[in-house]
Amino acid sequence: MHPEIALEATGNAMPDVKPALQLSELSPAIIQSEIRAMSVECDRVGGINLAQGICDTRLPDAAAAGAIAAIEDGHNIYTRLDGIAPLREAIAVKMAQHNYLAVDPHSELLVTNGATGALHAACLALLNPGDEVLLFEPFYGYHVSTLLSQRLVPVIVPLDDADWTIDFDRLRDAMTSRTRAILLNSPANPSGKVFTRGELARIAELATEHDLFVFSDEIYEHFLFDGREHVSPATLPGMAERCITISGLSKTFSITGWRIGYLAAAARWLPAIGYFHDLTYVCSPAPLQYGAAAALRALESTSFYTDLRGEYERKRDLLCAALTCAELVPFVPQGAYYILADATRLQGATASEKARTLLRQCGIATVPGSAFYRAGGGSNLLRFCFGKKDPDLHRACEALEQLA
Ligand code: PMP
């Protein structure tokens, strides 16, 4: 009831009504702005921002040229809700070549607003409020927040903090009659863990036994080091039907701002997932879909993807060496482009305080490890992003070496 009407009806000077304007029950009381605050402070001191997972290296020329041509050619209106056919076809070719997954581009693929939009739509289409979803810790904050924003229940299973191995007894113990899905991220942000074929096979067995969906966020699939292989869980026996494969071009092509991602799943799930994606986003930006399709096609039989691995392995080694020198012992990542490092030696009682100490002492912004753990976890860790241009990375390494 509107407060003014209540006043008239009751005749009381101070009606006992709730204020009409208030945040929803789902809205967080405090918006976590640590990363943003860190970036502002970093800019103020002219520091180097290794906090945000924004890869600022150059995009493929074919992507830029394709998008500009599409704008000029008038591709500036909504596209089909599942994306333009040339992009879906190019993604299907890429998935056949790199993921060993045969996907029908016309019934099993959806172009999405990044991997983020894909996960959001898939959860809305396949899960109900109160359903439990298992995921590993350290986790990517958006995964947990996306689940919470839909009244789903994240059930967090810690990885071994020495080497990120999975305790399968713990995983099994975390399952209840309300468990509906497992959310995987390999290569993982922030740990850099690359799930082995053996680990994924055991997860697949559990998923089959308990009849669970597997949401697989593979956004870092091309960032693999020391000869590791990326295994898409959907390729494992019996998994095609229950696996929702999510990836995108944000990281591979350094185009995080373009919002081009995709989702592959069995045809029976696609219409509902597409329905929810359409409700929120309508479609991915039209000309940028053309640019992405052009780049995928242009790079199909080139060394682009193997070069990417080599380039990022070199960046990883550079930053790991500097961190070791600074006695911020790194957990050497197997994939993705982040390093968690032990920041025990830095002053501060919490990871946030330690991050501020590092920014003050050597002008490098990082993310406090606590952002990737439940309350109390990650307090000795900082996350460094090495998806950066070489000159910035070199400057950061020099600054870290000064710290030693
Ligand atoms: N998944 C993971 C694990 C990520 O780290 C990120 C970027 N930080 C995303 C998804 C976001 O991907 P997109 O830009 O495609 O939404």
Side-chain angles (χ1 to χ4, degrees), residues 32 34-36 38-39 49-57 59 63 83 87 91 94 109-123 133 135-147 149 154 156 159 164 182-195 214-224 230 232-233 244-264 273 276-277 280-281 283-285 288-289 291-292 295-296 312 333-340 365-367 369 371-373 383-388:
Q32 232 279 14
E34 190 65 42
I35 299 180
R36 218 168 304 133
M38 196 62 138
S39 297
N49 196 343
L50 302 189
Q52 285 172 316
I54 309 172
C55 173
D56 59 8
T57 47
L59 80 171
L87 179 53
I91 292 168
K94 184 253 143 203
L109 254 185
L110 181 71
V111 174
T112 59
N113 265 58
T116 308
L119 179 65
H120 188 78
C123 289
V133 179
L135 70 167
F136 294 105
E137 183 183 57
F139 47 73
Y140 169 52
Y142 266 60
H143 285 163
V144 172
S145 302
T146 298
L147 297 175
S149 78
I156 289 163
L159 292 170
W164 313 128
I182 304 181
L183 173 45
L184 299 176
N185 174 216
S186 178
N189 173 10
S191 67
K193 175 182 173 66
V194 174
F195 287 61
V214 172
F215 295 96
S216 178
D217 178 343
E218 305 179 20
I219 192 83
Y220 297 104
E221 61 189 302
H222 296 294
F223 298 83
L224 295 164
H230 173 70
S232 288
I244 312 298
T245 304
I246 292 171
S247 192
L249 302 176
S250 281
K251 314 287 174 175
T252 312
F253 289 171
S254 311
I255 49 171
T256 50
W258 280 30
R259 314 312 302 136
I260 305 281
Y262 55 86
L263 175 151
I273 301 174
F276 284 109
H277 187 268
T280 317
Y281 305 104
C283 64
S284 258
L288 306 183
Q289 290 191 48
L296 280 171
Y312 278 80
Q334 303 167 345
Y337 53 52
Y338 306 98
I339 301 170
L340 281 176
T366 55
V367 180
F372 311 103
Y373 287 82
R383 190 196 74 175
F384 296 75
C385 173
F386 58 91
K388 298 285 152 188

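In listed order, ligands and their atoms are each counted from 1.
Taking distance alone, with nitrogen or oxygen atoms compared against 3.5 Å, A115 approaches ligand 1 more closely than that limit. The shortest N/O to N/O separation between T256 and ligand 1 does not fall below 3.5 Å. In terms of polar-atom proximity, defined here as any N/O pair under 3.5 Å, N189 does make such a contact with ligand 1. Any N or O atom pair closer than 3.5 Å counts here, and H143 shares no such pair with ligand 1.
Residues I260 and L87 meet the side-chain proximity criterion, which asks for heavy atoms closer than 4.5 Å.
Interface atoms of ligand 1 facing G114, defined by a heavy-atom separation under 4.0 Å, are 13 (P), 15 (O), 16 (O). For ligand 1, the atoms sitting less than 4.0 Å from at least one non-hydrogen atom of D217 are 1 (N), 2 (C), 3 (C), 10 (C), numbered in the order shown with element in parentheses. Heavy-atom proximity to S250, at under 4.0 Å, picks out these atoms of ligand 1: 13 (P), 14 (O), 15 (O).
Using a 3.5 Å distance cut-off with no hydrogens or angles, the side chains of Y312 and T57 do pair a donor with an acceptor. No side-chain donor-acceptor contact under 3.5 Å links H143 and N185.
Nearest-heavy-atom check against atom 3 (C) of ligand 1 across I255, N185, L119 picks out N185. Between atom 8 (N) of ligand 1 and the options K251, R259, E218, the minimum heavy-atom separation is to K251.
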Open item on the list: Could you walk me through whether F372 and V367 satisfy the side chain to side chain contact (heavy atoms under 4.5 Å, CB included) test, starting with their C-alpha distance in whole Å, then the side-chain angles of each, then the deciding distance to 0.1 Å, before giving a yes or no?
Closed with: CA-CA 9 Å; F372 311 103; V367 180; 3.7 Å; yes
Open item on the list: If you apply the rule side chain to side chain contact (heavy atoms under 4.5 Å, CB included), what do you find for V111 with I91, and how did you get there?
Closed with: CA-CA 9 Å; V111 174; I91 292 168; 4.3 Å; yes
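Neither the backbone nor the side chain of Y142 comes within 4.0 Å of ligand 1, counting heavy atoms alone. When heavy-atom distances to ligand 1 are checked against a 4.0 Å cut-off, T116 comes that close through both its backbone and its side chain.
A centroid separation of less than 6.0 Å is found between the aromatic rings of Y338 and Y220.
Residues meeting the side chain to side chain contact (heavy atoms under 4.5 Å, CB included) test with S186, sequence neighbours left out: V194, F195. Partners of A264 under the side chain to side chain contact (heavy atoms under 4.5 Å, CB included) rule, at least two apart in sequence or in another chain, are M95, V103, L109, T245.
Residue G248 places no heavy atom under 4.0 Å from ligand 1.
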